[in-house]
Structures are given as structure tokens and as C-alpha cells.
There are 2 protein chains.
Amino acid sequence: MKIGELAKQVGVTVETIRYYENEGLLHAALRNPANNYRRYDQGHLERLIFIRRCRTLAMTHNEIKVLLQARIQPDDSCETINELIDEHIHHVQARMAELTILETQLIELRGQCHAALTTRDCGILRELDQPTDELTEALVVQSHVAGSQCKTHQPK
Amino acid sequence: MKIGELAKQVGVTVETIRYYENEGLLHAALRNPANNYRRYDQGHLERLIFIRRCRTLAMTHNEIKVLLQARIQPDDSCETINELIDEHIHHVQARMAELTILETQLIELRGQCHAALTTRDCGILRELDQPTDELTEALVVQSHVAGSQCKTHQPK
DNA sequence: CTTGACCCTAAAGCAACTTCAGGGTGTTTA
DNA sequence: TAAACACCCTGAAGTTGCTTTAGGGTCAAG
């Protein structure tokens, strides 16, 4: 099948597929010598589904590469896989803990202003002007809220 | 004060400060004509603290720009601010909901393999091979878990 | 007068894609 | 049969919030 059909079957854009090939996640497809179009088979389809399933679970490309490797080495121990998943679960839980603190702080901040006043008297701005206190320090900024700004990356 | 001192007082790197200036978050500092070094005053300090506080709350630069604008227009209504914070809270909550689903799925996935088997028999790989089911579809991949790979962005 | 701490700029890197620019291919339809 | 339109190709730049690197001045102390 051609790239467009593969994309439709898996629910990604053709650009994503080409990108995955570049990244080494997906094996380079054979080309139709007549027009240089990529041709995909069942193996590609299954591998791409695997990759997308992993991405849905928020794994990075590196993590996925480990799993892909394991996938084609049926005699290896699956310990590595278990550890990878366990670690990944911890990342997610850590992120949630951070977001919980963040939520608390934001709600408290929001509580500083109920009425529609002028910004001069707005408790929110007032509080934002304060240097960071202990509570806030618990938050590691480095891991920003992904999707906090909600870019809509939808394939049109 | 010079950039290094400002950086120390606020707890960011000098690179971050220069970056903020470039981004238009921080006003360009006046320069010492003798050596072209930036010179900062109290206003810069306060503005930078404000910015960092917002970043700690996971706001984007665009959101912060709105707040900075409001900050210097004391006669405007603070409705905009309230709306911005409310929306931001929703983003955070939405992200947490996504992560909760993610966690459930990962834990279920992990449950597929307890013993250290060969990958051939590993329930985890088996399950990852399945096309996405309804549960999974609830997850919007576009907002990946920030910090899932935990890059340590610490100023050395 | 050299060492080390601090300042400067411009550009590239990170993650996972998307978007854009510029240009072929292939089928259909007027 | 030629224009129109859908689909394919490549390579490079854009996204977010910084960090890192490269290459080079400034300044105070010893």
C-alpha cells in the first residue's frame, strides 16, 4: 500500500510516517522504481500500530526503540521491558503529583479575586508580585505542563 | 546591578535573562557605554520575579505577556486576568485527567507480565501489538507527558 | 601581565512533530 | 487531450522554553 493508505489505516499523517522513517522508528519502505513512491506491507502496518500505541502511552521515541528491539528478540528476557514500564509509570505519577500541587496553587491564586475590580486592586496580580514561597518551591518548573497551552495538533 | 547579580537574586541563569529580553518578556536593559554590559534596576528585578512566579505556575510566555500587560494598566478591569487563570486551571485539570487515564492503562499493561519470561511470551509486548481500543482513544496524544523522560534542566 | 570570574553575540540543540516551499505523478473529467 | 485535483517526493524551517556551544571582549586581583 502507499503511504496515504497506511496513514489512513493507522490514523496518523503521512508526514508523521516519513518522520518516523527518518528517526529510525519505522524501517525505510521499498520504493516503486517507476515513481519513487514508498510501498508498505503488513509488517510496516503492525510496527506502526505498535509505535502509535506506545506514543498514546506517552512513551518517548527512545523508550519505544527499546521495546521495538525487544519485540524482535523473542528469546531475550523481558525484564528490561518490565523495568521500562515501571519507570515510565513513575514518571507519570511524579508528573501528576506536580500537577496536583500546581492546581492547588492556581486555585488559591484565583481565590484572591472574585469581583471584577480594576487590575490595580486585583489580588491575583498582587500575589504574583510576591517572591516565591515554600509551597511554590516544591514545584519543579523544568517539567512544564505539556498541553497547558493546548496546541491543537490535529491532522486537518 | 549587572546581569549576574540579577540572576543570582532571582535564581535563574544569565542565559535565561538574556533569553527573556529577546522574547520581549523583560524590557531591554540599558547598557554601560564603556563595556556594553547590561544594567538592571529594581523594576527589572520585580518584573523578573513576576515572570518566574508565573512560570512556576506553568504559564506560557503568551499567558505571561497578558498578565504583564495588565500589570501596567492599573485602571483596566481584571476580568481578563480572572479568565486567564480560570482557563489555565482547566488546562491543568484536563492534563491531570489525561494522566490519570494513562496511569490506569500503564498499570494494567504492567500487569500483563509478572514473571521474568522471554519477550516471546511477554504479555506486555503482546498487548502493545493490539490496535488501540476505546479506552486508549480517550487519550489525546498531542499533549505528551512533559518530563516523562526527566531531563534535568538544572542551572549548574 | 596573567589568571580567573564575568560579560557579550549568534547559532545550534532538545522532542516530536507540523508546516511550508517547490516540484513531480496519476487519474479523472470537460 | 489538456486542465484540474488528489496524492507523492524532498529539504528546511517553525513550535516551546530554555540550555549549550563557540568564539571573543572586560575587569579585578596577585
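Proteins get letters first, then strands, A, B, ... in listed order; numbering begins at 1 in each.
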*Asks:* After noting the C-alpha distance and the side-chain angles of B:E21 and B:R18, does the key distance pass the salt bridge (charged side-chain N to carboxylate O under 4.0 Å, His left out) rule?
*Replies:* CA-CA 5 Å; B:E21 179 178 319; B:R18 287 196 283 248; over 6 Å; no
*Asks:* Can you tell me how far P of D:dT26 sits from CZ of B:R38, to the nearest Å?
*Replies:*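 The answer, rounded to whole Å, is 15 Å.
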*Asks:* Take atom CG of A:N36 and atom P of D:dG11, then tell me their distance rounded to the nearest Å.
*Replies:*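 In whole Å, D:dG11 P and A:N36 CG are 11 Å from each other.
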*Asks:* Expressed as a whole number of angstroms, how long is the span from B:L6:CG to C:dC7:P?
*Replies:*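 After rounding, the reported distance stands at 10 Å.
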*Asks:* I'd like to know if B:Y37 reaches the base of D:dG25 with its side chain such that a donor and an acceptor end up less than 3.5 angstrom apart.
*Replies:*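 Per atom types, the contact qualifies.
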*Asks:* Does this structure show an ion pair linking A:K8 with A:E5, if we count only N-O contacts that are shorter than 4.0 Å?
*Replies:*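 Here A:K8 does not pair with A:E5 in a salt bridge, since their nearest N and O are not under 4.0 Å apart.
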*Asks:* For DNA chain C, what residues of residues 15-35 of chain B have any heavy atom nearer than 4.0 Å?
*Replies:*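 DNA chain C contact set from residues 15-35 of chain B: B:R18, B:R31.
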*Asks:* What's the NE2-P distance between A:H61 and C:dA16, to the nearest Å?
*Replies:*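 Distance check: A:H61 NE2 to C:dA16 P gives 5 Å.
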*Asks:* Looking at B:E63 and B:T60, would you say the former's side chain and the latter's main chain have a donor-acceptor pair under 3.5 Å?
*Replies:*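 Yes; judged by distance alone, with no hydrogens or angles, the pair exists.
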*Asks:* Can you classify the ring geometry of B:H44 versus B:H27 as parallel (below 30°), tilted (30 to 60°) or perpendicular (above 60°)?
*Replies:*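 Perpendicular: the ring planes of B:H44 and B:H27 meet at over 60°.
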*Asks:* B:R39 CZ to C:dC6 C1': how many Å, rounded?
*Replies:*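 These atoms are roughly 16 Å apart.
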*Asks:* In whole angstroms, how far is the P atom of C:dC17 from the CG atom of A:N62?
*Replies:*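 The distance from CG of A:N62 to P of C:dC17 comes to 13 Å, rounded to the nearest Å.
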*Asks:* Do B:T80 and B:Q69 come within less than 4.5 Å of each other through their side chains, counting heavy atoms only?
*Replies:*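 Not in contact.
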*Asks:* Does C:dC17 have its OP1 or OP2 closer than 4.0 Å to a side-chain nitrogen or oxygen of A:R55?
*Replies:*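 Indeed, a polar side-chain atom of A:R55 lies that close.
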*Asks:* Once you round it to whole Å, what is the distance between C1' of D:dC9 and NZ of A:K2?
*Replies:*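 Answer to the nearest Å: 13 Å.
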*Asks:* Could you tell me how far apart A:K65 (NZ) and C:dA16 (C1') are, to the nearest whole angstrom?
*Replies:*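 Spelled out: NZ on A:K65 to C1' on C:dA16 is 12 Å.
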*Asks:* side-chain contact (heavy atoms from CB on, under 4.5 Å) with A:V10: which residues, sequence neighbours excluded?
*Replies:*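 With sequence neighbours excluded, A:V10 shows a side-chain contact (heavy atoms from CB on, under 4.5 Å) to A:L6, A:V12, A:L45, A:L48, A:I49, A:R52, given in chain and number order.
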